[in-house]
Every structure is written in structure tokens, then in C-alpha cells.
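Comments concern the structure below.
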Number of protein chains: 2
Amino acid sequence: MTTFFHEKKSLNSIIEALRKKGYKATPQRIAVCRYALQSPTHPTAKAIYQKVREEYPTISLATVYKTLKVLKELDLIQELPFFQGQTRFDPNVNPHINMVCLKCGKIIDLNNTEVGIFIQKLAQSAKFRLKGQRLDIYGFCEKCFKG
Amino acid sequence: MTTFFHEKKSLNSIIEALRKKGYKATPQRIAVCRYALQSPTHPTAKAIYQKVREEYPTISLATVYKTLKVLKELDLIQELPFFQGQTRFDPNVNPHINMVCLKCGKIIDLNNTEVGIFIQKLAQSAKFRLKGQRLDIYGFCEKCFKG
DNA sequence: TTGTGTGCAAAGCATTTGCAATACT
DNA sequence: AGTATTGCAAATGCTTTGCACACAA
């Protein structure tokens, strides 16, 4: 079974998760979370910054980076370093495939239930204690291939 | 079936591949190829530079980067951007799993024949024209988990 | 011989850090 | 009130680029 979208976290659960670990739920952090954790576009830090600045004009890029670091620590987000210093952030931390189009640059998540099982079996056979994964496929999406 | 090592390319075939595309087979390039294409350690550009400099003291980091760019273009190497600006280079361009140990930092290739078939099927079902892949699993290798 | 490649130094970027002022809890 | 966080500017580190000289074909 394959689906294309992941479950979005509620803001309240995020605020709770921050406080539980001793982090303060500042308006800047909440704004970054709102965008970073609910965007399906795998945004870069800069893209998050520019979006959040629309409603929070004084926020700095440094704050965005610091917040992303916290979200990573809380396991609410996954960092995906790409080529040319393009690091993207993925709020889907479950085993899934990032389908990366080499033409339009879009990244679509492929949430396939078999994926997790498959890598679990592989890890087990190599006596590897699995903690996370990053599964990218590169190529052309249907639209770009046809066009 | 799973194996841990990939077939190493001969230097002659590499020189041929360079010339065929109009690139000159300079001693610097050959030295970089010898290390980058035959190392199982997924070295960084800097590590390649330091290794090659042992026998070629005048080589510059810029030349290493330029050579790696050429090797990527010739599809002889895969670039793997990691966290904290750590970009590693993998001479194994066939579908395989990079088993990344979060403790010792070692990356071991898992060449499993099913992997390629599995992602091909997934791509097909999503009408995605597959060109390449990057499949990482993160966790602890047997040695680090036991110790 | 000719145009590509090398090596150096400088530039370009993404990300991180130090610190004084600010504001959550 | 007390301490973590913000925002700025500077620093860091990887990678790229421009250019004069060297060299592979």
C-alpha cells in the first residue's frame, strides 16, 4: 500500500514536545514549526525563513537554524543534505521514499508500508541496529517525463 | 543475496573513459581516480586530497574537486552529501544500501540483489522514470552496538 | 602547437557562534 | 526573577572560480 501524504502534527502536540524537553515555546519557534512541520515541499532553511518572515518580520535566519536543530533533536524532522549545499527538511520521519525529480526539483514522499519492513529485514541480516533511514530515488516525475 | 564489496574498476578503463569524453588523463587525475574509485571508505574530498598528496605533493584541493566533478559526470562516482558539510564519495554506483554507523562513522555498502528490483517496482508503480538512488540506513554496527 | 588542466588565492555560500538585549515560564 | 532565546554580525568551513603558467595530445 502506497500513499503520498504524511500525518501532520498538531501545534499543541509540538508545543508540548518542546516543553517536555525543557525548551521554551516562543512565537518564533512556533512559527517555524507551523511551516516546517506542515509543509509537504521539503523546504530549505532559507525557504522556511522567507515564509516565516512574512508574518514574523524580525525573525533571523540564525533562529530558524537553531529551531530546526531542536526539531531534529526531538525527532520531529529529518535533515536531508543534497548537492550544492541544498539541505532540505522533511517532517516525515517514518520510513518512506523521497522521489526526487531531476527536472522540476520536486520531492514527493512515497509512503509504502513494505519499505520499512524491507530495510528492517536487511538491517537484521547484517546485524545492524537500525535507528533511521534516508531513501531517495532520483529520476523524472510523470509530468516532466511526458513534457 | 548480499555482498559487502563492489567490483573495482581498472585504471585503464578509467583512462579510456576520460579520453572518450575528451578529458585528458593527467597524472593528478589518475592519482585521484586510483584512490577515489578503489577506496571502500567513502572518503571526503579532503581525505582524498590528503591521501593523494602523499605521492603527489603539489596537487591542490581545487584539482581534487574538479576531478571529482568529472568522475560524477562520467557516472563513475556518486556524491553523498551528509550532515555538517560532510560530503562523501562512493565509487559504487549500483543500487545498494549505505549502512552508516552513528558511533564509529563507518559506512559499509550492502549490495543486495533485491534492492534494485524493489525500488524499480516502486518507481514503476508511481510512474517515475528511475535514474539513480541513494539508500542510507543509520544506526549502530555490530561492533559498536556490542561494545 | 593548441587548448585543456593545474595550482594558487580569492570569492561565494550555507551554517554556526558569541554576545548583549529580550522575553518565556 | 532567573534563565533560555533572540537577532545581529562576525566567524567558520566546504566548494567554486578566475587567472597565469604548465603540459597532454
Side-chain angles (χ1 to χ4, degrees), chain A residues 11-12 14-33 36 42-74 77-89, chain B residues 11-12 14-36 42-74 77-89:
Chain A
L11 266 188
N12 280 339
I14 292 163
I15 292 173
E16 217 173 284
L18 283 169
R19 294 214 174 117
K20 195 153 88 183
K21 287 274 186 174
Y23 291 112
K24 289 179 179 166
T26 65
Q28 290 93 328
R29 275 187 183 153
I30 293 169
V32 169
C33 290
H42 303 70
T44 60
K46 209 179 184 178
I48 295 167
Y49 168 63
Q50 285 166 342
K51 193 78 189 174
V52 169
R53 207 162 51 151
E54 284 174 16
E55 73 172 88
Y56 223 97
T58 63
I59 199 169
S60 73
L61 198 46
T63 297
V64 172
Y65 275 111
K66 285 167 190 164
T67 302
L68 290 170
K69 201 175 181 181
V70 169
L71 292 180
K72 234 174 49 176
E73 195 197 315
L74 300 189
I77 209 167
Q78 194 182 4
E79 190 181 343
L80 301 177
F82 278 99
F83 311 116
Q84 294 136 351
Q86 281 275 317
T87 295
R88 290 163 163 275
F89 293 89
Chain B
L11 266 188
N12 281 338
I14 293 164
I15 292 172
E16 218 173 282
L18 283 169
R19 294 215 175 114
K20 197 152 84 182
K21 288 273 185 172
Y23 291 111
K24 290 179 179 166
T26 64
Q28 290 93 328
R29 276 186 181 155
I30 293 169
V32 169
C33 290
R34 223 179 25 237
Y35 184 65
H42 304 68
T44 61
K46 207 178 186 179
I48 295 168
Y49 168 63
Q50 285 168 341
K51 192 78 189 175
V52 170
R53 206 161 54 150
E54 284 175 16
E55 73 173 88
Y56 223 96
T58 63
I59 200 170
S60 72
L61 197 45
T63 298
V64 172
Y65 275 110
K66 284 168 189 164
T67 302
L68 290 171
K69 201 175 179 180
V70 169
L71 292 180
K72 232 173 52 175
E73 194 196 317
L74 300 188
I77 209 168
Q78 193 183 6
E79 190 180 344
L80 300 178
F82 277 100
F83 312 114
Q84 293 137 353
Q86 282 274 316
T87 295
R88 290 164 164 275
F89 293 88

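The analysis underlying the following values was restricted to heavy atoms, covering all of them including side chains, and did not include hydrogens, waters or symmetry mates. Residue numbers start from 1 in every chain, and the chains themselves are labelled A, B, ... in the order their sequence lines are given, proteins ahead of strands.
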More 5' along DNA chain D: A:T26 or A:Q84, using each one's nearest nucleotide?
A:T26
B:Q50 atom CD: more than 12 heavy-atom contacts under 6.0 Å:
yes
Return the value, rounded to whole Å, for the distance between atom CZ of B:F83 and atom P of D:dG13.
20 Å
Do any N or O atoms from the side chain of A:R29 and from the backbone of A:K24 form a donor-acceptor pair under 3.5 angstrom?
yes
For the pair made of CD in B:Q86 and P in D:dT12, what is the distance, rounded to whole Å?
18 Å
Starting the side chain at C-beta, find the nucleotide from C:dG3, C:dT17, C:dC24 nearest to B:K24.
C:dG3
DNA chain C nearest-nucleotide lookup for A:K46 and A:Y56: closer to the 5′ end is A:K46
Under-4.0 Å side-chain N/O to phosphate OP1/OP2 contact, B:S60 with C:dT6:
no
For the residue pair B:E79 and A:F83, what are the closest heavy atoms and their distance?
O-CE2, 3.2 Å
Contact summary for B:Y49 and B:I59, nearest pair of heavy atoms:
CE1-O, 3.3 Å
Which one, C:dG18, C:dG5, D:dT5, comes nearest to the side chain of A:K66?
C:dG18
Which nucleotide sits closest to the side chain of B:Y23: C:dT17, C:dG5, D:dT5?
C:dG5
Report the distance from atom NZ of B:K20 to atom C1' of D:dA24, rounded to the nearest whole Å.
20 Å
Whole-Å gap separating C1' (D:dC14) and CZ (B:F82):
16 Å
What residue among B:V52, B:I48, B:V32 forms side-chain contact (heavy atoms from CB on, under 4.5 Å) with B:T67?
B:V32
C:dG7 phosphate, OP1 or OP2, under 4.0 Å from B:Q28 side-chain N/O:
yes
Could you check how far CG of A:L61 sits from C1' of C:dT17, rounded to whole Å?
14 Å
Atom-to-atom span, CZ of A:R29 to P of D:dG7 - whole angstrom
11 Å
From NZ of A:K69 over to P of C:dA14, roughly how many Å is that when rounded to an integer?
19 Å
Counting the atoms with a prime plus P, OP1 and OP2 as sugar-phosphate, which does B:T58 contact under 4.0 Å by heavy atoms, base, sugar-phosphate, or nothing?
sugar-phosphate
Could you tell me the separation between the CD atom of B:E79 and the P atom of D:dT16, rounded to a whole number of Å?
7 Å
